[in-house]
Amino acid sequence: MTTVLAEHLAAVIFDLDGVVTDTAAVHAAAWKRLFDDYLHERAMRHGGPFVPFTERDYREFVDGKPRYDGAASFLQSRGISLRWGDPADDPNAESVCGLANRKNALFNDVLRAHGVQVFATSVDLIRTLRARGFRTAVVTASRNGRQVLEQAGITDLFDAVVDGVLAAHLGLPGKPDPATFLEAARRLAVEPTRAAVVEDALSGVEAGRRGGFALVIGVDRVGQADSLRRHGADIVVSDLAELGVPDTPRPGSHGGQP
Ligand SMILES: [Mg+2]
């Protein structure tokens, strides 16, 4: 089944991990290794039961959020309160920032070992969109965003990139706040009402809805279509091959209103 993107759209803004690049699983695995080690060590220390970090924990508390927010959100869900620390904290520090930095080191180990995989159907869609005059941007909470794009060789697919480094520099709150998506729309010179957001995280579709975007497309690769809809997706696809692009060339920055 194909859903054709509406004619009145002028831009499409993509999340990176799990939508364009197949790095969501790498992030999830790195978080799991971090938290399972930490929760285990804590259980030994305090004598409580060891309850592992689950895929559900990842989706509910971590996915799509800035590194430190995700770590804090999960720890809070387990009633663990740690000092926030500082982004410069050593990865071995027992602080929110320390733990999140340890996760980042694990993530980079995997990236170095395996490289970055892209979803070919996503790249195809983006190339078609650009050939037909749509502007495109990528928004990711990841501070490794630029590095991931370069390693995957797809930097030229986007007119604008808003990653975790830029967001921190501009003081923009992360998803589910819409600020990073709105910044991407601003950089594309497109009103949110003429832009679509494509996201695989619950926090991300929520950000798309809160930002007042014309269309929020949820990408479901893990069987959470209902949750994506509840958090704000207008439609849910399992792969971007299900999205069609209007044949007519885009009218540019004017005209094309429905
Ligand atoms: Mg994602």
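This one's a predicted model, so the numbers in the text were calculated from it and none came from an experiment. Only this structure's heavy atoms are used, side chains among them; waters, hydrogens and symmetry mates stay out. Start at 1 and go down the list; that is how both ligands and their atoms are numbered.
- With 3.5 Å as the limit, one finds no donor-acceptor pair spanning the side chains of T180 and K175.
- Partners of E183 under the salt bridge (Lys or Arg N to Asp or Glu O under 4.0 Å) rule, at least two apart in sequence or in another chain, are R186, R187.
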Considering only distance and modelled atom types, tabulate donor-acceptor pairs under 3.5 Å from the side chains of residues 212-220, sequence neighbours left out.
from: D220; atom 1: OD1; to: V222; atom 2: N; distance (Å): 3.2
from: D220; atom 1: OD1; to: G223; atom 2: N; distance (Å): 2.8
from: D220; atom 1: OD1; to: Q224; atom 2: N; distance (Å): 2.8
from: D220; atom 1: OD2; to: G223; atom 2: N; distance (Å): 3.4
from: D220; atom 1: OD2; to: Q224; atom 2: N; distance (Å): 3.3
from: D220; atom 1: OD2; to: A225; atom 2: N; distance (Å): 3.3

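- Listed by chain and number, D15 OD2, D17 O, D200 OD1 are the protein N/O/S atoms closer than 2.8 Å to the Mg ion (ligand 1), with waters left out.
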Result block: side-chain N/O donor-acceptor pairs under 3.5 angstrom for residues 28-35, not counting sequence neighbours:
from: K32; atom 1: NZ; to: D36; atom 2: OD2; distance (Å): 2.5
from: K32; atom 1: NZ; to: F53; atom 2: O; distance (Å): 2.9

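- Crowding of R56 atom CZ: a count of heavy atoms from other residues, nucleotides or ligands under 6.0 Å not exceeding 12.
- Taking all atoms of both residues into account, the shortest heavy-atom contact from D200 to G18 is OD2-CA, 3.5 Å.
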